[in-house]
Amino acid sequence: MAWIRLLICVLPYAAYIAAQNPEIVDEIWPEVQPIGRTARINCTVARLKNNVVGWLHVESDQTISSAESIEINNPMIGSLRKYEVRVRRDGDRITHMLVIRRLRQQDSGSYQCFVRISSVDQSEWPKKIGTLTVQVAPTIKTGDTTAVLQVDRNQNTSLECAATGIPAPNITWTRSDGGLLPILPKPVAQYRGAKLPLVNVDIQHMGVYRCVADNNIKPPAEHLAEVLVFHAPSTRVVQNSVGQAQNRRFSAKLECIVQGHPQPTVTWDRQVNQARILITDDDKFDINKQTTDNQNLKAMEQWYSLKVKNVQANDFTAYYCKAENQYGNHSSRIDLFETTECQGSNCPSLAPSAANTLMLSAFHWVPTMLLGIWALR
Ligand SMILES: *[C@@H]1O[C@H](CO)[C@@H](O)[C@H](O)[C@H]1NC(C)=O
Ligand SMILES: *[C@@H]1O[C@H](CO)[C@@H](O)[C@H](O)[C@H]1NC(C)=O
Ligand SMILES: *[C@@H]1O[C@H](CO)[C@@H](O)[C@H](O)[C@H]1NC(C)=O
Ligand SMILES: *[C@@H]1O[C@H](CO)[C@@H](O)[C@H](O)[C@H]1NC(C)=O
């Protein structure tokens with residue numbers, strides 16, 4: 001029974017040896033840093049003695065370091081290197097901190113700390129793994145994101161907003177004009193999710209929708225989508241009657257607000273006797289489309305104007321702005337009526353007394369001219 005006696009002698013010794021071997025104490029805390037910043041991963045070893053601590057990148061199976069020397073390609077970053085190992089001693093414990101600078105997305109992954117013990121097989125070396133997460137600000141994937149959605153009335157459809165980022169961003173939908181989102185069970189101002197389901201879409205849902213992808217890494221990404229609903233045009237007037245004085249080279253501006261999709265063709269008529277006659281853009285009339293007046297326009301509305309130049313007696317009649325597309329047509333009426341004084345913002349800004357003087361001198365001038373003509377005969 002000599003071998004039992006040997007075992008009894010050897011076992012405590014083996015346990016003693018094991019206790020004397022190096023050990024990685026505690027967990028290796030996961031490191032999380034935004035792209036471009038510096039990561040620091042710590043491995044703390046007790047009883048290291050003459051053994052060597054190394055770091056290995058698990059995914060690529062590359063040994064990064066052995067003690068303080070870096071064993072892989074280690075480019076300069078500014079005045080420092082991409083990788084560095086810093087050693088800190090605290091009594092019996094030694095911490096090897098792996099520093100990784102100017103983080104890229106591919107630096108993410110698992111980093112294994114190991115202690116090389118020359119007398120022990122590699123499979124028995126103490127090892128522990130820490131993870132590095134490189135955070136990436138969100139980006140919208142434009143290919144998978146709706147830019148313009150055109151839809152018939154009363155259809156069910158959806159807007160998509162695809163975004164990447166680490167961690168995966170939260171996606172929030174709102175309407176640019178602050179309106180509610182037409183979703184079930186009831187409309188809300190804000191919707192969380194990549195896919196915004198739109199139910200029973202109608203004209204009031206036209207407009208610009210905004211999706212924001214946010215993962216707390218600045219800056220959040222934003223995308224605008226436009227919803228267009230096919231429908232017949234509607235017209236409305238700014239003022240249903242406009243006054244102007246005749247015969248004094250004053251002009252009158254009639255304004256009409258138009259909505260419809262596809263964009264309607266807009267024309268103007270004027271009433272002559274009992275008929276409505278199409279107005280063409282000639283010396284007498286200026287037809288204009290004003291594109292930017294966000295204060296007065298609702299989403300998707302357009303502002304048209306008709307300028308009647310040098311208002312005369314026969315210009316005092318009814319005018320109609322008409323809008324038409326393949327879904328239908330609509331028109332609104334504006335009356336031009338006579339006033340004694342100039343109306344609008346383009347009136348001569350003479351003080352009343354000066355205006356009177358001018359009128360007097362004009363009246364004075366007419367008989368003088370007539371006299372002159374009479375004298376020429
Ligand atoms: C590693 O240690 C350094 C210095 O003490 C510390 O700044 C860093 O946050 C630690 N890393 C982790 C992932 O805890
Ligand atoms: C749209 O969805 C609503 C609610 O689920 C349903 O009542 C309606 O019939 C759907 N409309 C169409 C055109 O599928
Ligand atoms: C997403 O939103 C939830 C709830 O507000 C929040 O707990 C989580 O941290 C957010 N995720 C990201 C990646 O920002
Ligand atoms: C306008 O629409 C009506 C039906 O709503 C149609 O009868 C008429 O022909 C249309 N007018 C024009 C100019 O298209």
Side-chain angles (χ1 to χ4, degrees), residues 24-35 37-45 53 55 57-58 64-65 68 80 83-91 93-101 103 107-113 128-135 149-159 180-188 191 195-205 227 229-235 256 258-271 275-280 304 319-333:
I24 299 173
V25 294
D26 303 333
E27 293 308 307
I28 297 181
W29 293 108
E31 174 73 313
V32 179
Q33 289 291 338
I35 202 161
R37 304 276 278 277
T38 299
R40 293 177 182 83
I41 313 173
N42 306 304
C43 180
T44 300
V45 180
V53 175
W55 284 99
H57 186 235
V58 176
I64 298 170
S65 64
E68 281 169 273
L80 298 166
Y83 299 99
E84 186 188 338
V85 172
R86 289 203 193 152
V87 178
R88 214 166 47 229
R89 204 173 284 267
D90 182 11
R93 295 182 169 197
I94 292 183
T95 298
H96 280 61
M97 177 168 74
L98 173 63
V99 180
I100 309 173
R101 298 196 169 84
L103 291 170
D107 292 324
S108 287
S110 306
Y111 290 83
Q112 185 191 65
C113 169
K128 264 183 192 167
I129 288 181
T131 60
L132 167 61
T133 304
V134 179
Q135 299 171 310
L149 177 72
Q150 300 196 79
V151 62
D152 283 320
R153 294 176 70 173
N154 294 312
Q155 292 300 300
N156 298 332
T157 179
S158 59
L159 291 174
L180 297 180
L181 300 165
I183 60 166
L184 291 178
K186 69 178 177 63
V188 289
Y191 180 84
K195 183 171 178 173
L196 172 69
L198 301 174
V199 180
N200 294 331
V201 174
D202 213 338
I203 298 167
Q204 69 268 26
H205 304 135
V227 174
V229 181
F230 293 112
H231 68 287
S234 65
T235 57
C256 182
V258 175
Q259 190 192 280
H261 185 72
Q263 190 164 324
T265 312
V266 175
T267 52
W268 292 81
D269 282 349
R270 74 192 220 125
Q271 185 133 354
R276 277 167 63 164
I277 309 291
L278 180 69
I279 291 173
T280 49
Y304 289 82
Y319 294 79
Y320 298 87
C321 77
K322 297 184 304 178
E324 184 184 356
N325 66 15
Q326 70 247 47
Y327 292 84
N329 61 66
H330 191 239
S331 68
S332 292
R333 173 178 166 155

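Not measured: the values here are computed from a predicted model. Read the numbers this way: they start at 1 and go in the same order the structure lists the ligands and their atoms.
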**Fill in**
A student checking ligand 1 against Trp29 at a 4.0 Å heavy-atom cut-off should list atoms 13 (C), 14 (O)

**Item:** Within-4.5 Å side-chain heavy-atom neighbours: Tyr111 and His57
**Value:** yes

**Request:** Looking only at protein heavy atoms, identify the closest one to atom 2 (O) of ligand 1 and say how far it is in Å.
**Result:** Asn42 ND2, 2.5 Å

**Item:** Validation row: Leu98, His96 side chains within 4.5 angstrom (heavy atoms)
**Value:** no

**Request:** Could you tell me whether Glu324 approaches ligand 4 through its side chain, its backbone, both or neither, with non-hydrogen atoms closer than 4.0 Å?
**Result:** side chain

**Request:** Would you check if the side chain of Lys322 reaches a backbone N or O of Thr235 as a donor-acceptor pair within less than 3.5 Å?
**Result:** no

**Request:** Considering only non-hydrogen protein atoms, determine which one is nearest to atom 7 (O) of ligand 1 and report residue, atom name and distance to 0.1 Å.
**Result:** Arg40 CD, 4.2 Å

**Item:** Any protein heavy atom < 4.0 Å from atom 4 (C) of ligand 4
**Value:** no

**Prompt:** Given side chains that start at C-beta, do those of Arg153 and Ile203 come closer than 4.5 Å, heavy atoms only?
**Reply:** yes

**Message:** Checking contacts now, so for atom 9 (O) of ligand 4, which I'm interested in, is there any protein heavy atom under 4.0 Å?
**Reply:** no

**Prompt:** Parallel, tilted or perpendicular: which fits the ring planes of Phe230 and Tyr327, with parallel below 30° and perpendicular above 60°?
**Reply:** parallel

**Item:** Thr131 side chain vs Pro30 backbone, donor-acceptor pair below 3.5 Å
**Value:** no

**Asked** Would you say Asn156 and ligand 2 have an N/O pair spaced under 3.5 Å apart?
**Response** yes

**Request:** Please round to the nearest 0.5 Å and tell me the distance separating atom CZ of Arg88 and atom OG1 of Thr95.
**Result:** 5.0 Å

**Asked** Between Arg86 and ligand 1, which part of the residue brings a heavy atom under 4.0 Å of the ligand: side chain, backbone, both or neither?
**Response** neither

**Protein residue, atom and distance nearest to atom 12 (C) of ligand 4, heavy-atom basis** = Asn329 ND2, 3.2 Å

**Request:** Could you tell me whether ligand 1 has any atom less than 4.0 Å away from a heavy atom of Pro30?
**Result:** yes

**Message:** Just so I know, are the side chains of Ile129 and Ile28 near enough to count as touching, which here means a heavy-atom distance under 4.5 Å?
**Reply:** no

**Request:** Within a distance under 4.0 Å of any heavy atom of Asn154, pick out the atoms of ligand 2 and give their elements.
**Result:** 13 (C)

